[in-house]
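Notes follow once the structure below has been shown.
We count ligands from 1, going down the list as the structure has it; atoms in each ligand are counted the same way. All values below were derived from every heavy atom in this structure, side-chain atoms included, with hydrogens, water molecules and symmetry-related copies excluded.
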Amino acid sequence: MGLKLFNTMTRRLEEFTPLIAGKAGLYTCGPTVYNYAHIGNFRAYVFEDILRRTLTFCGYAVTQIMNLTDVDDKTIRDSQAAGMELNDFTKKYKDAFFEDLAALRIEPAEVYPAATDHIPQMILLIQQLIDKGYGYLGEDGCVYFSIDKYSDYGKLARIDKEGQRSGTRVNTDEYGKEAVADFALWKKWTPADGNVAWESPWGKGRPGWHIECSAMSMTYLGEHFDIHTGGVDNMFPHHEDEIAQSECATGECFVNYWLHNAHLIVNGQKMSKSAGNFFTIRDLLEKGYNGREIRWLLMSAHYRQKLNFTFDGLDAGRTVLRRIDEFTRRLKEAATEPTVGIDVATALDGACREQFEQKISDDLNTPEALAVFFDFMRDTNKALDEGRIAGDAATILLDCCRRLDTILGVFDVDVEEVVPQAILDRVEARQAARKARDFAAADSIRDELKSQGWVIEDTPKGARVHRAID
Ligand code: AMP
Ligand code: ZN
């Protein structure tokens, strides 16, 4: 399957061609571990997971690197406010991050390098930049990158060169396009940094945020690699500065494909910690949602379209997932019967696979790929209603769902629904009432279960209970 990706660098859809046949190197900017990541951040990580799974589906051996920013302005500030050592403080949020990734069924990256474990690589890179004339030591003791020395500066974010303020400097990790300036590679220690400092040829200090990702990506993927991703807010200055540092140090192209996801928004505003309009995974789990439902919501829009977060959206996803569960349950039941309709199943399977692959390979078009699946589900349900599919034919269609799910990671084809014992006991009681021909009591138990979200179905094999769809 050929894969087309929208490359931010060229602003065009391009066929993915790896540097090394059969392999894909992927760097995904990871979390700054100063707090719990919010679901806006997880929109980025779910998009990257779909990308990773799609690359694997296409037959590439993927090496994904996701960094953990465990030293920067924010981690230092908040560890001090908490009265904790930096490492103890960030460990709590690193652990939480991995729990959240698992809840969202995000496949693990090959390596999660932490910035504090790669300071020597960062120092080496900064030294190379100084040796080549791109880095300089300012009178404030910090080392800066001189954007005037690099004529391609601004090529990713397409910054108007006229707007560049030659000779000005910025030493905070985050700044906007209006503050384009020489940026800090190494920050001299100040009392505000407490005991967070490393020795370097330029004295005691710490790395700037942008050099962290240049050093860690090149350590694991080489000086020139395939794909680099992040949210659109990372494009400038973070990725622009990464390109400048890396290309000036190595003299090589840094990355072939740059991919950026649009934001998760709330009432028209980017979800962010600073705006205070955010939910963490934990917040939503406490409200009774599960990771699967959150994943569904985050992947239901195309990654380059803004996605508005609402609880109605989460609830709608829950309903759809229950329909899908009911669908795969029906197929599994049908699979135990004598075979009918191999030709019907083969046709349904072929059409679904082909169209699904076409949509997903078109810049990871998840909403349209899901629409293909919904058509497949509708047609298959109809064929099941009409008794046109059973036995091995149903197995073919279950395998189709499993195959799609290697990319979507959201079906529960091989997970049995767990019905609480208390509910099973009530089903037994209803059966007993029916046997005693006390139909009023039996109906009242049915209603009672319905009010708790469970439906009893009387089948030739006996009563079966499952979750209500709505
Ligand atoms: P940070 O921890 O702030 O560096 O962000 C981690 C990742 O989440 C980056 O790729 C950001 O671009 C991305 N991100 C942050 N906020 C949002 C949002 N509201 N929607 C989508 N992605 C986001
Ligand atoms: Zn980064």
Under 4.0 Å from ligand 1, counting heavy atoms only, is it the side chain of Thr229, its backbone, both or neither?
-> neither

Check each atom of ligand 1 against the heavy atoms of His38 and keep those under 4.0 Å away; list them by number with element.
-> 16 (N)

By side-chain hydrogen bond (donor to acceptor under 3.5 Å, both in side chains), Asp131 pairs with (sequence neighbours left out) Gln127

Taking only non-hydrogen atoms of Gly230 and a 4.0 Å limit, the atoms of ligand 1 in range are 10 (O)

May I ask you to check if ligand 1 and Ala44 share an N or O to N or O distance below 3.5 Å?
-> no

Nearest-contact summary for atom 16 (N) of ligand 1 - protein heavy atom, Å = Lys270 CE, 3.5 Å

Under 4.0 angstrom from ligand 1, any heavy atom of His260?
-> no

Cut-off 3.5 Å, side chains only: do Arg330 and Asn381 have a donor facing an acceptor?
-> yes

Looking at atom 7 (C) of ligand 1, what's its closest protein heavy atom, distance included?
-> Tyr45 OH, 3.6 Å

If every non-hydrogen atom of Cys142 is compared with every non-hydrogen atom of Asn171, which pair is closest and at what distance?
-> SG-ND2, 3.9 Å

Of all the atoms in ligand 1, which lie at a distance below 4.0 Å from a heavy atom belonging to Met271?
-> 16 (N), 18 (C), 19 (N)

What do you reckon, is NZ of Lys273 surrounded by more than 12 foreign heavy atoms closer than 6.0 Å?
-> yes

Heavy-atom contact under 4.0 Å between Phe278 and ligand 1?
-> no

Relative to the heavy atoms of Asn261, which atoms of ligand 1 are at a distance of less than 4.0 Å?
-> 21 (C), 22 (N)

Measure from NZ or CZ of Arg467 to the centre of the six-membered ring of Trp454 and say whether it is under 6.0 Å with the direction within 45° of the ring axis.
-> yes

Nearest neighbour in protein (non-hydrogen) for atom 20 (N) of ligand 1 = Leu264 N, 2.8 Å

Indicate whether the side chain of Gln358 and that of Asn365 have a donor and an acceptor atom separated by less than 3.5 Å.
-> no

Rounded to 10 degrees, the angle SG of Cys213 makes with SG of Cys29 at the Zn ion (ligand 2) = 130°

Pick from Thr69, Leu298, Asn234: the one approaching atom 9 (C) of ligand 1 most closely through a non-hydrogen atom = Asn234

Would you mind telling me if ligand 1 is within reach of the side chain of Ala262, the backbone, both or neither, using heavy atoms under 4.0 Å?
-> backbone

Assess the side chains of Glu247 and Tyr150: does a donor N or O sit below 3.5 Å from an acceptor N or O?
-> yes

Can an N, O or S atom be found in His238 less than 2.8 Å away from the Zn ion (ligand 2)?
-> yes

Residue selection (non-hydrogen contact nearest atom 2 (O) of ligand 1) among Thr32, Asp233, Asn67 = Thr32

Asp226 and Tyr27: side chain donor to acceptor below 3.5 Å | no

Please determine, by modelled atom types, if His224 and Asn256 share a side-chain donor-acceptor pair under 3.5 angstrom.
-> yes

Compare Asn41, Asn277, Asp72, Leu68 and give the one whose heavy atom is closest to atom 15 (C) of ligand 1.
-> Asn41

Does a donor on one side chain sit under 3.5 Å from an acceptor on the other, for Asp148 and Tyr153?
-> no

Do you see a donor-acceptor pair shorter than 3.5 Å between the side chains of Ser246 and Ser214?
-> yes

Does Gly40 reach ligand 1 with a nitrogen or oxygen that is under 3.5 Å from one of the ligand's nitrogen or oxygen atoms?
-> yes

